[in-house]
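Working notes, beginning with the structure itself.
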Number of protein chains: 2
Amino acid sequence: MSRKNDKRNRLVEAANDLIYQQTFNSTTLADIATKAEVPLGNVYYYFKTKDDILKAVVLKRSAVLQELFTTWDQQFAQAKDRLRAFIRHSIESADTTARFGCEMGSLCQELGKYSGELSHLAAELMHKTLNWVESQFKALGKNEETASTLAKYLISSMQGVSLLTLTFKDPSLIQRQSKNLENWLEAA
Amino acid sequence: MSRKNDKRNRLVEAANDLIYQQTFNSTTLADIATKAEVPLGNVYYYFKTKDDILKAVVLKRSAVLQELFTTWDQQFAQAKDRLRAFIRHSIESADTTARFGCEMGSLCQELGKYSGELSHLAAELMHKTLNWVESQFKALGKNEETASTLAKYLISSMQGVSLLTLTFKDPSLIQRQSKNLENWLEAA
DNA sequence: GTCTATACATGGATAGAC
DNA sequence: GTCTATCCATGTATAGAC
């Protein structure tokens, strides 16, 4: 990988973290450049605008998500085990969720208020996630409509608890809920 | 009410709407002043800082919430009917939720990432809501712990669906979920 | 490809006339 | 109490030397 891509990657990585920890709107190009150890003016060689950085960040997140899903698909033969891995994954990030919220959820919340192109960006991440969960429920023998309903239920449950976790700075909320969702999954 | 309070109220009202529709961070004092039809410089006679406006907005929202709860407490003798009113209330705002998210939820999401005093501001609104719902479950004969669990479940469900509603710009998500929650409430 | 210097707009906040 | 003018910091983006 060329040095050029290395710098670009550092910028995307830094932007990803800062956007998560602060919100996109309040993250400045100076913040990103500093964290990536790239001079401010040089940022514009890699990205025409701040929005372009956001797009790159979302693309990156989408790829990370895809990788995660693919891993679980390969690692577990049973759809229930995959969904369990998905639920347990949220436990691992309980502490950071208590500090900054859900990475995907908070971006959807922020960009959802925008009008225009950026508005749909984060929605694609949510859509991807929803689709994967839905396909797992279909693999469990649920019909199209039921699978869709269950997927929305699971995702919205996790998103709701993530918000409470952030609001009250209490990671145990996610931990307890995950247990409940695992039981719910067993019965579903 | 004096003319002074009238102007102040207009500012708080305008700030409330704009903070909801845009986020606190991206709402400027000029925005607020314009919407309230108050000259920019005059804003500082009523509020020392932008943060102070936010505090006033949260206080106002807290009062509105209190009024809502008091109304339901008086209007319905049965706790189940009160909770039903609470659930149905979210249906009424489904369309605006699809555009801007949940008023309380989006503020909690944004301020939750802050450090310092502002971080706890929105949490108080959530806390107030949680407490009221919890007390209704207690009135239904649930013990302290069960009531707390059920309250968190109800609130987080609604918050999660609000986020999906915003993300996919689909008010019907709230409508369907509300039906489900009413059924759940019947069985609880 | 890289980086410094800087243009230009915006936003929070203040001074001070009325 | 009210409002205009303005200060000053910050933020996005560009020009142009290296």
Side-chain angles (χ1 to χ4, degrees), chain A residues 1-58 107 110-111 113-119 121, chain B residues 1-59 107 110-111 113-119 121-122:
Chain A
M1 193 173 290
S2 66
R3 196 174 293 131
K4 165 181 168 173
N5 278 334
D6 194 54
K7 259 192 185 173
R8 208 194 115 102
N9 284 339
R10 269 179 10 232
L11 284 168
V12 174
E13 202 61 47
N16 181 66
D17 293 352
L18 289 167
I19 288 170
Y20 172 45
Q21 291 162 13
Q22 302 181 347
T23 77
F24 170 64
N25 188 64
S26 66
T27 298
T28 68
L29 293 168
D31 286 343
I32 297 170
T34 302
K35 180 154 191 175
E37 296 184 284
V38 169
L40 178 56
N42 201 3
V43 171
Y44 288 91
Y45 176 74
Y46 298 96
F47 301 98
K48 252 204 331 281
T49 65
K50 188 186 174 189
D51 285 5
D52 281 345
I53 299 184
L54 178 62
K55 285 176 200 163
V57 165
V58 171
L107 195 65
E110 184 181 5
L111 301 188
K113 295 195 177 197
Y114 284 42
S115 52
E117 194 184 2
L118 293 190
S119 156
L121 260 186
Chain B
M1 196 172 287
S2 68
R3 196 175 291 130
K4 164 181 170 174
N5 279 332
D6 193 55
K7 260 190 185 174
R8 209 194 116 102
N9 284 339
R10 257 159 43 214
L11 285 168
V12 173
E13 201 62 46
N16 181 67
D17 293 352
L18 289 167
I19 288 171
Y20 172 47
Q21 292 163 13
Q22 302 180 348
T23 77
F24 171 64
N25 188 62
S26 67
T27 298
T28 68
L29 292 169
D31 286 342
I32 297 169
T34 302
K35 180 153 189 175
E37 296 183 284
V38 169
L40 178 56
N42 200 2
V43 171
Y44 289 90
Y45 176 74
Y46 298 97
F47 302 98
K48 251 203 331 279
T49 65
K50 189 186 174 188
D51 285 4
D52 281 346
I53 298 184
L54 178 61
K55 285 176 202 164
V57 165
V58 171
L59 266 183
L107 195 65
E110 185 182 5
L111 300 189
K113 296 194 178 198
Y114 284 41
S115 52
E117 194 185 1
L118 292 190
S119 156
L121 260 186

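The analysis underlying the following values was restricted to heavy atoms, covering all of them including side chains, and did not include hydrogens, waters or symmetry mates. None of these values were measured; they are calculated from a predicted model.
To the nearest angstrom, C1' of C:dT2 lies 13 Å from CG of A:Leu11. D:dT2 atom P lies 13 Å from atom CZ of B:Arg8, rounded to whole Å. Atom C1' of nucleotide D:dT12 and atom OH of A:Tyr46 are separated by 19 Å, given to the nearest angstrom. To the nearest angstrom, P of D:dA13 lies 9 Å from CD1 of A:Ile53. Distance A:Tyr45 OH to D:dT12 C1': 20 Å, rounded to the nearest Å. Here C:dC3 presents its C1' atom at 15 Å from CD of A:Glu37, a figure rounded to the nearest Å. Distance CG (B:Asp52) to C1' (C:dG12): 13 Å, rounded to an integer number of Å. In this structure, CG of A:Leu54 is placed 15 Å from C1' of D:dT12, rounded to the nearest angstrom.
End-to-end axis angle of the helix from C:dG1-D:dC18 to C:dC18-D:dG1, using five pairs per end and rounding to 10°, comes to 10°.
For the pair A:Gln22 (side chain) and B:Lys113 (backbone), a donor-acceptor distance under 3.5 Å is absent. Under the 3.5 Å distance criterion, the side-chain polar atoms of A:Asn9 are matched with a main-chain donor or acceptor of A:Asn5. The backbone N or O of B:Ala36 lies less than 3.5 Å from no partner atom in the side chain of B:Glu13, so there is not a single donor-acceptor pair.
The salt bridge (charged side-chain N to carboxylate O under 4.0 Å, His left out) test applied to B:Asp51 returns no partner, not counting sequence neighbours. Considering only residues two or more places apart in sequence or on other chains, A:Asn25 meets the side chain to side chain donor-acceptor pair (under 3.5 Å) condition with none of them. Here A:Lys50 pairs with nothing under the side chain to side chain donor-acceptor pair (under 3.5 Å) rule; sequence neighbours left out.
Rounded to the nearest 0.5 angstrom, B:Tyr114 OH and B:Leu54 CG are separated by 8.0 Å.
Within the 4.0 angstrom heavy-atom criterion, no nucleotide atom of any strand lies near A:Ser26.
Applying the side chain to side chain donor-acceptor pair (under 3.5 Å) definition to pairs two or more places apart or across chains, those involving residues 28-41 of chain A are A:Thr28-A:Asp31.
With A:Val57 as the partner, the side-chain contact (heavy atoms from CB on, under 4.5 Å) test is satisfied by one option alone out of A:Leu121, A:Thr27, A:Ile19: A:Ile19.
Two residues, A:Thr28 and B:Pro39, neighbour DNA chain D, and the one matched to the more 5' nucleotide by heavy-atom proximity is B:Pro39.
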Could you run down nucleotides 13-18 of chain C 5' to 3' and tag each one B, S or - for protein heavy-atom contact under 4.0 Å?
BB----
